[in-house]
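Comments concern the structure below.
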Amino acid sequence: MIAVVILVVVSGAYLAAQTPRQDKQEKVDAEKIRAHVKFLSSDLLEGRGMGQRGSDIAAEYIATQFALDGLKPAGDQGTYFQEVPMVSVSTLPDTTMSLVPKNGEPLPLKNLDDFVIHNETQTEVTDIDAPIVFVGYGITAPEYKWDDYKGVDLKGKVALLFVNEPTSDDPKFFKGKALTYYGRWTYKYEETARQGAVATMIIHRRDLASYGWEVVRNSNGKDKSYLRLDGTPHLQGASWIQLDIAKKLAAMSQMDVDKMFQQAQSRDFKPVELPVRLKAHVVSTVRPFNSRNVLAMLPGSDPNRRDETVMYTAHYDHLGIDANAKGDNIYNGAVDNATGCGILLELARAWSEAEHSGQQPPPRSILFAAVTAEEQGLLGSEFLGKHFATPVGKVTLDLNYDAVAPIGDPEEIEISGAERTTFYPQIEKTGQKYGLTIRPDAQPEAGHYYRSDHFSLARVGIPSFSVSEGMKFKGHDEAWGRAQAKDYVEHHYHQPSDEYRPEMDFTGLAKVAQFGYDLGLQAASQPALVQWQAGDEFEPARKKTGQ
């Protein structure tokens with residue numbers, strides 16, 4: 001859900017009304033999804049970490065499945081692979097970080113326990129000695145008349161800020177309780193770098209981040225992957241600090257963290273330079289490598305529309321092996337996101353079987369994309385969005401699958417973001433067909449829409465959203481579903497315990513896959529391309545594509 005590979009399937013869905021032969025859809029098989037999940041999350045694949053052997057094995061496995069299905073390669077030079085140039089940056093134990101007050105003794109911090117840090121400039125050694133400036137949430141949002149940088153020159157300084165965004169119940173102000181991209185840690189790093197900061201310290205609070213420090217540590221305490229530098233500004237120190245460290249920093253400055261948080265809620269907030277400097281010595285290993293998106297195509301049947309596509313996406317990467325950890329050190333990523341890959345591969349089989357059984361493909365093509373490096377910041381999907389073989393304006397829809405819990409038969413479907421598209425009426429009808437109640441985002445404050453690969457594609461204008469289960473499952477009440485979700489986040493998300501278990505129930509994965517098959521069929525067959533609703537934040541990007 002926070003980082004990794006995207007698998008995009010462009011649905012060659014059939015128009016059921018075209019011929020009697022097309023009334024029957026190929027059924028997806030829950031046990032085939034199980035088999036894919038079991039293999040992809042096995043210890044053999046070593047957690048599918050970036051630049052590690054297991055990731056390459058996963059990519060080869062996915063490409064082989066596409067080839068067995070008879071799908072057309074859609075990658076570079078007639079292959080199933082799109083090369084994604086990346087750099088692995090590993091922060092070494094020699095790294096040090098301390099808070100140095102104007103008066104008083106420096107406070108040395110302990111790596112991983114007190115802070116995590118990475119050097120985004122992709123150099124082996126960098127030294128930081130700069131004043132710290134508290135910039136609230138670190139947001140510049142003209143549409144909300146919000147500017148946390150007014151009156152400050154951040155060039156050469158360190159930004160201190162809270163993750164998330166101003167508290168609001170007004171849907172017209174930062175979308176109320178629903179988190180926007182302004183609240184995401186990726187935005188914080190991007191914006192502070194644009195403002196000229198040399199480093200950024202994000203204050204961690206479980207309630208604001210929607211996950212605990214162990215997730216921050218596990219996601220940042222090992223190799224971190226980046227797309228190779230492209231000329232955009234980057235930070236010498238991209239870091240998080242524990243809330244307790246933030247409290248000590250505030251005390252050094254005769255301030256209070258809780259009061260700082262309250263001040264950050266106001267439009268009138270002004271940055272405050274603290275009487276404390278950050279002194280850091282960041283030592284890294286830097287290793288260039290290529291990862292791969294895995295792409296396959298089912299060509300459309302209409303020569304005039306086959307260059308238009310429907311996509312199915314899922315990321316195949318996870319966090320790999322932590323060589324320094326004791327005990328179980330493999331982050332298998334069974335739910336996150338072997339499940340999405342299993343659904344993607346079964347959708348690819350279902351589409352190809354339909355064609356082999358004599359059904360005419362839909363007018364538009366179907367693109368299946370397994371993308372890399374989602375866990376590193378949606379990097380594979382970002383690269384795909386910027387390097388499509390065909391104009392992105394001709395991609396009508398992306399249906400993404402990420403971390404679908406194998407816990408039973410869902411009676412709800414969660415499709416956060418779908419209501420922002422012109423395709424939503426068809427989605428509502430299809431939900432009724434499958435007996436699925438459409439559930440609003442159960443945790444809008446967690447900003448899930450901005451945490452998976454569909455977001456990278458939305459940013460370039462493609463109508464995109466993820467398909468997942470809600471909280472109500474057959475035979476259980478909603479409280480049970482919430483308890484399962486809470487248990488996963490607290491005890492398994494981004495931890496070695498996210499493993500395949502034989503008792504897992506893949507009924508729901510087959511159901512949401514069949515639901516997505518039907519949606520892809522409709523999107524690939526309807527006369528008009530799907531659009532964003534007027535006024536949506538992604539509508540301008542869609543208009544730039546000419547669609």
Side-chain angles (χ1 to χ4, degrees), residues 1-2 28 30 33-34 37 171 175-179 210-211 312-314 334-340 342-344 346-347 397-421 423-455 458 463-493 498 503-520 522:
M1 309 188 37
I2 302 179
V28 299
I33 297 174
R34 176 191 295 274
V37 171
K175 296 189 177 178
K177 292 182 178 180
L179 190 73
S210 79
Y211 42 76
Y312 292 92
T313 61
V335 174
D336 185 13
N337 185 37
T339 59
I343 290 172
L344 180 67
E346 177 57 6
L347 280 167
L397 183 69
D398 167 51
L399 301 173
N400 184 59
Y401 289 91
D402 190 357
V404 185
I407 58 175
D409 186 358
E411 296 179 344
E412 297 177 327
I413 198 79
E414 194 168 296
I415 45 172
S416 177
E419 73 283 356
R420 301 162 66 162
T421 74
F423 196 56
Y424 193 63
Q426 290 97 309
I427 295 171
E428 291 181 303
K429 292 178 182 178
T430 306
Q432 294 173 0
K433 173 181 175 181
Y434 288 92
L436 290 166
T437 300
I438 296 178
R439 180 187 181 88
D441 188 348
Q443 289 183 292
E445 69 280 2
H448 289 132
Y449 188 84
Y450 304 93
R451 293 169 59 179
S452 194
D453 290 308
H454 63 260
F455 172 56
S464 310
F465 54 87
S466 286
V467 180
S468 192
E469 306 147 325
M471 292 293 167
K472 180 71 172 65
F473 290 79
K474 188 175 181 179
H476 301 281
D477 59 15
E478 180 180 322
W480 181 88
R482 286 187 176 275
Q484 304 310 302
K486 181 180 180 182
D487 177 72
Y488 175 74
V489 171
E490 293 185 353
H491 300 117
H492 306 292
Y493 176 57
D498 186 2
E503 64 269 22
M504 285 177 165
D505 185 345
F506 286 82
T507 303
L509 276 69
K511 193 169 189 177
V512 297
Q514 194 71 52
F515 177 79
Y517 184 106
D518 203 329
L519 293 181
Q522 296 175 59

Seminar exercise, completed: Note: Ser464 and Ala458 closest approach over all heavy atoms is OG-N, 3.8 Å
For this session: Before accepting this row, confirm whether a basic side-chain N of the pair Lys511/Glu411 lies closer than 4.0 Å to the acidic partner's carboxylate O.
Result: no
Problem set entry | Ile415 backbone acceptor or donor facing Arg439 side chain under 3.5 Å | no
Problem set entry | Flag, side chain of Tyr401 to backbone of Val512, donor-acceptor distance under 3.5 Å | yes
For this session: Return yes if some donor-acceptor pair links the side-chain N/O of His454 with the main-chain N/O of Leu399 below 3.5 Å, else return no.
Result: no
Problem set entry | Reported CD1-to-CD distance for the pair Ile343 and Gln514, which is rounded to 0.5 angstrom | 11.5 Å
Exercise. Atom OG in Ser416, atom CD1 in Ile438: separation rounded to 0.5 Å?
Worked result: 12.0 Å
Problem set entry | Lys/Arg N to Asp/Glu carboxylate O, Asp477 vs Lys472, below 4.0 Å | no
Exercise. Would you say Leu179 and Tyr449 make side-chain contact, with heavy atoms under 4.5 Å?
Worked result: no
Seminar exercise, completed: Minimal heavy-atom distance between Thr339 and Pro406, with the atoms involved, is CG2-CD, 4.4 Å
Exercise. Under the side-chain contact (heavy atoms from CB on, under 4.5 Å) criterion, do Val467 and Phe515 qualify, and how do the steps go?
Worked result: CA-CA 9 Å; Val467 180; Phe515 177 79; 3.9 Å; yes
Problem set entry | Residue pair Tyr434 / Asp518, side-chain heavy-atom distance below 4.5 Å | yes
For this session: Indicate the atoms forming the closest heavy-atom contact of Ser210 with Val489, along with that distance.
Result: O-CG1, 4.2 Å
Seminar exercise, completed: Rounded to the nearest 0.5 angstrom, the CD-CG distance for Glu414 and Leu436 is 12.5 Å
Exercise. Could you give the distance from CD (Glu428) to NZ (Lys433), rounded to the nearest 0.5 Å?
Worked result: 16.0 Å
For this session: Measure the shortest side-chain to side-chain distance between Gln522 and Thr430 over non-hydrogen atoms and say whether it is less than 4.5 angstrom.
Result: yes
Problem set entry | Reported CZ-to-CZ distance for the pair Phe465 and Arg420, which is rounded to 0.5 angstrom | 12.0 Å
Exercise. Under the 3.5 angstrom rule, does the side chain of Asp505 hit a backbone N or O of Asp409 as a donor-acceptor pair?
Worked result: no
Exercise. Do Asp336 and Tyr488 have side-chain atoms, one donor and one acceptor, less than 3.5 Å apart?
Worked result: no
Exercise. Under 4.5 Å between any side-chain heavy atoms of Thr507 and Phe473, yes or no?
Worked result: no
Problem set entry | Close side-chain approach of Val37 and Phe506, heavy atoms under 4.5 Å | yes
For this session: Taking the side chain as every heavy atom from C-beta outward, state whether Ile413 and Thr437 have any pair of such atoms under 4.5 Å apart.
Result: no
Problem set entry | Approximate separation, where rounding is to 0.5 Å, of Leu347 CG and Ile33 CD1 | 7.5 Å
Exercise. If we only count heavy atoms from C-beta on, is the Glu469 to Glu412 side-chain gap below 4.5 Å?
Worked result: no
Exercise. Does the side chain of Val335 reach to within under 4.5 Å of the side chain of His492, using non-hydrogen atoms?
Worked result: no
Exercise. Taking atom types as modelled, is there a side-chain donor on Ser452 or Asn400 under 3.5 Å from an acceptor on the other?
Worked result: yes
